[in-house]
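These notes concern the structure reproduced below.
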Amino acid sequence: MRLRVEFTTEPFDLDEAPAHAVVAREVVQAAGLDAVDVGPFGNTAEGGADQVLTAVDALLREALASGATRVSLQLNVIGEGAP
């Protein structure tokens, strides 16, 4: 099964990316997922279910530990096979 996760972390800072946002992005970029797109107002990543779910666990834990007060997350099944 393939999954897509979309997420943002708060609080926002329009002048500089907060530590929690940087950490969350680093987690998904290092997770070996097939597709990662990071941006100032949202991030997406795609991959196999195990990889995505492991990355989501790590990004939640590390973003909260780095000062996030809210993490908005959407997870979608996008397919069954390889990319």
Side-chain angles (χ1 to χ4, degrees):
M1 176 185 316
R2 289 187 48 77
L3 301 175
R4 175 184 298 126
V5 61
E6 301 175 46
F7 67 93
T8 58
T9 61
E10 294 179 40
F12 293 116
D13 182 340
L14 296 178
D15 295 325
E16 183 178 333
H20 57 80
V22 173
V23 165
R25 291 174 187 162
E26 288 174 348
V27 166
V28 296
Q29 289 173 324
L33 301 172
D34 301 328
V36 176
D37 183 26
V38 297
F41 301 109
N43 308 283
T44 61
E46 297 178 9
D50 287 339
Q51 288 176 301
V52 171
L53 294 173
T54 298
V56 166
D57 177 65
L59 85 85
L60 289 171
R61 292 175 188 278
E62 294 188 32
L64 292 170
S66 296
T69 58
R70 178 179 178 154
V71 179
S72 300
L73 181 118
Q74 182 172 315
L75 189 67
N76 294 300
V77 175
I78 58 170
E80 292 297 323

request  = Apply side-chain hydrogen bond (donor to acceptor under 3.5 Å, both in side chains) to Gln51 and list each qualifying residue two or more places apart in sequence or on a separate chain.
outcome  = none

inquiry  = If I compare all heavy atoms of Leu3 with all of Val52, which pair ends up nearest, and what's the gap?
reply    = O-CG2, 3.8 Å

inquiry  = Applying a strict under-4.5 Å side-chain criterion to I, L, V, M, F, W and Y, I'd like to know whether Leu73 and Met1 cluster together.
reply    = yes

request  = Answer yes if Ile78 and Leu33 sit in the same cluster of Ile, Leu, Val, Met, Phe, Trp and Tyr residues linked by side chain heavy atoms under 4.5 Å apart, and no otherwise.
outcome  = no

task = To the nearest 0.5 Å, tell me how far Glu6 CD sits from Asp37 CG.
result = 10.0 Å

query = Between Val71 and Leu53, is there a shared hydrophobic cluster once you connect ILVMFWY residues whose side-chain heavy atoms come closer than 4.5 Å?
reply = yes

query = Could you give the distance from OG1 (Thr54) to CG (Leu59), rounded to the nearest 0.5 Å?
reply = 11.0 Å

key: Distance (rounded to the nearest 0.5 Å) between Glu46 CD and Asn76 CG   = 9.5 Å

Contacts under 3.5 angstrom, residues 20-27 side chains, donor-acceptor by atom type, not counting sequence neighbours:
from  : atom 1 : to    : atom 2 : distance (Å)
His20 : ND1    : Thr9  : OG1    : 2.9
His20 : NE2    : Pro11 : O      : 3.2
Arg25 : NE     : Asn43 : OD1    : 3.2
Arg25 : NH2    : Gly39 : O      : 2.7

same_hphob_cluster(Phe7, Phe12) at 4.5 Å side-chain heavy-atom cutoff = no

request  = Look up atom CG in Asp57 and atom CD in Glu62, then write down how far apart they are to the nearest 0.5 Å.
outcome  = 9.0 Å

